[in-house]
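Presented below is the structure to which this report refers.
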Amino acid sequence: MITISGLTKTFGNNAVLRGVDLHVDKGQSLVVIGGSGTGKSVLIKCIIGLITPDAGQIIIDGQDVTRSGHDNLLHRFGMLFQASALFDSLPVWENVCFRMLRSGQSRGDLRDLAAEKLRRVGLGPDVADKFPAELSGGMQKRVGLARAIAADPEIIFFDEPTAGLDPIMSGVINDLIREITTEMGATAITITHDMSSVHAIADQVAMIHDGVVQWHGNIGALDQTDDAHVRQFITGSATGPIPTLR
Amino acid sequence: MMRLLAMIGAATLGGLATVGRMALFTASTFRHLVTQPFYGREFGQALFQIGFLSLPVVGLTALFTGGALALQIYSGGARFSAEAVVPQIVAIGMVRELGPVLVGLMIAARVTSSIAAEIATMKVTEQIDALVTLSTHPMKYLTVPRVLAATLVMPALVGVGDIIGILGGYIVGTERLGFNAASYLQNTVDFLEQRDIVSSLVKGAVFGFIAALMGCYYGMKAGRGASGVGAATKGAVVAAAVLILVANLILTEAFFSI
């Protein structure tokens with residue numbers, strides 16, 4: 001479904017991606033792990049079209065989006081941002097149904113649809129008319145998730161879905177992501193350094209280090225791998241091939 | 001010496017690059033203005049925010065400036081026995097110059113700063129990226145409604161500012177300086193030409209365009225974090241104020257060159 005080959009991106013003198021090769025099959029959940037500043041966010045933003053790569057190919061459903069652009073694919077994408085990125089000036093229900101606000105559907109129908117999506121992520125209908133600033137971090141994350149799935153996308157991106165949440169809320173969000181992507185049959189790409197998210201969400205895991213994919217395999221193989229970079233990352237050790245001063 | 005030359009060169013290149021980026025941003029705004037979709041709801045909100053909610057600050061600024069102008073002209077005119085020209089000079093001063101410039105600068109302070117801070121905050125919190133992923137072009141959704149609303153509503157604000165400024169001069173002239181109310185108004189109306197009013201309204205439209213465009217430009221180009229929002233807001237207000245004053249000189253030359 002998504003094939004990335006030889007992807008490079010440099011900002012000034014900083015070569016963030018140095019030739020990333022990855023493949024995700026339809027309906028699979030790929031989790032990309034790696035230390036801070038290793039280019040995980042840049043990778044996901046290149047795939048979704050927010051950043052233009054310097055070189056390489058991104059092929060989505062047979063279409064080379066590095067040549068044709070993403071405009072005709074955006075309606076098939078959903079994205080949950082790290083800090084939720086909800087629109088402050090709009091009530092929750094308009095945030096959830098933002099993509100459909102100009103589709104010709106009545107506002108009443110869209111409000112009902114938003115209430116249904118909010119229910120799916122565990123929020124009551126009373127939340128629909130609140131503004132994002134009135135919600136807790138966990139509730140904002142759920143609203144962001146409801147927005148990401150509102151238009152039943154085929155491909156969903158999750159950028160650090162549990163960042164800033166307590167362990168219990170992290171577990172709730174991880175379970176929701178797993179349930180929803182499974183029931184929708186969506187292809188999911190998640191970037192995180194939260195290992196509980198990796199185990200809860202992933203079918204496949206890829207580790208990025210030094211601008212390339214250091215390791216890629218099934219979730220079952222993650223804990224058995226001998227790769228020193230992966231071992232250091234999942235054990236959180238200060239000693240190993242990954243420098244701690246970055 | 002070489003170091004000084006290098007600094008001057010770098011500053012010149014930086015300045016030219018900024019001008020180039022602003023020109024590209026302006027061209028992009030026009031391109032998105034004439035293509036679908038048009039976000040009417042956002043346009044309506046911008047009209048209300050920029051137009052209606054700016055009326056108090058515009059009215060107060062014009063009222064007190066008009067009054068002070070009448071006092072200045074009276075005391076200055078007294079040096080060569082020309083006190084009687086207060087109604088005419090207040091009218092011409094407010095309509096041709098002070099009305100549009102003061103309203104433009106007040107809008108730069110109130111609206112440009114607000115637009116820049118709002119869009120910059122949206123940028124640093126990834127709300128602009130979110131717009132893109134939701135198939136919404138940020139230029140169409142954020143820039144076009146604000147720039148169009150400011151351009152259309154500013155002539156009305158300047159018109160209101162002109163009238164209230166003249167009213168301020170009238171109040172001071174009749175209550176403090178002893179002018180006859182009827183002849184003050186008659187002198188004001190007789191002295192103003194159509195060209196004065198047209199130039200005032202055209203200046204308003206241009207200043208509104210500049211004020212909103214600079215707010216959007218600096219907001220969209222904001223750097224990271226709170227300091228990025230602060231720098232964007234400051235840069236937008238300074239650029240809008242300077243460009244309004246430059247545009248004022250150019251428009252005055254165009255309308256009233258001898």
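Chain naming here is simple, since letters A, B, ... match the order of the sequence lines and numbering starts at 1 in each.
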Worksheet entry | CD1 on A:Ile48 to CG on B:Asp129, rounded to 0.5 Å | 9.0 Å
Worksheet item: For the atom pair CD (B:Glu126) and CE (A:Met79), what is the distance rounded to the nearest 0.5 Å?
Response: 6.5 Å
Fill in: Check: B:Thr133 main-chain N/O paired with A:Arg99 side-chain donor or acceptor under 3.5 Å
yes
Worksheet entry | Contacting region of B:Ile128 [heavy-atom separation from chain A under 4.5 Å] | neither
Worksheet item: Would you say A:Phe11 has more than 12 foreign heavy atoms packed within less than 6.0 Å of its CZ?
Response: yes
Worksheet, complete the sentence: Honestly, the part of A:Leu90 sitting under 4.5 Å from a heavy atom of chain B is side chain
Practice prompt. For residues B:Ala130 and A:Arg147, report the shortest heavy-atom separation together with the two atoms involved.
Written response: CB-NH2, 3.6 Å
Practice prompt. Compare every heavy atom of B:Met122 with every heavy atom of A:Phe87, then report the nearest pair and how far apart it is.
Written response: CD2-CE, 4.2 Å
Worksheet item: Roughly how far, to the nearest 0.5 Å, is OG of A:Ser89 from CD of B:Glu42?
Response: 8.0 Å
Response to the item:
If you tally heavy-atom pairs under 4.5 Å between each of B:Arg41, B:Gln45, B:His137 and chain A, the highest tally belongs to B:Arg41
Discussion item. I need the residue from A:Leu74, A:Asp159, A:Leu86, A:Leu101 with the largest number of non-hydrogen atom pairs under 4.5 Å to chain B.
Written reply: A:Leu74
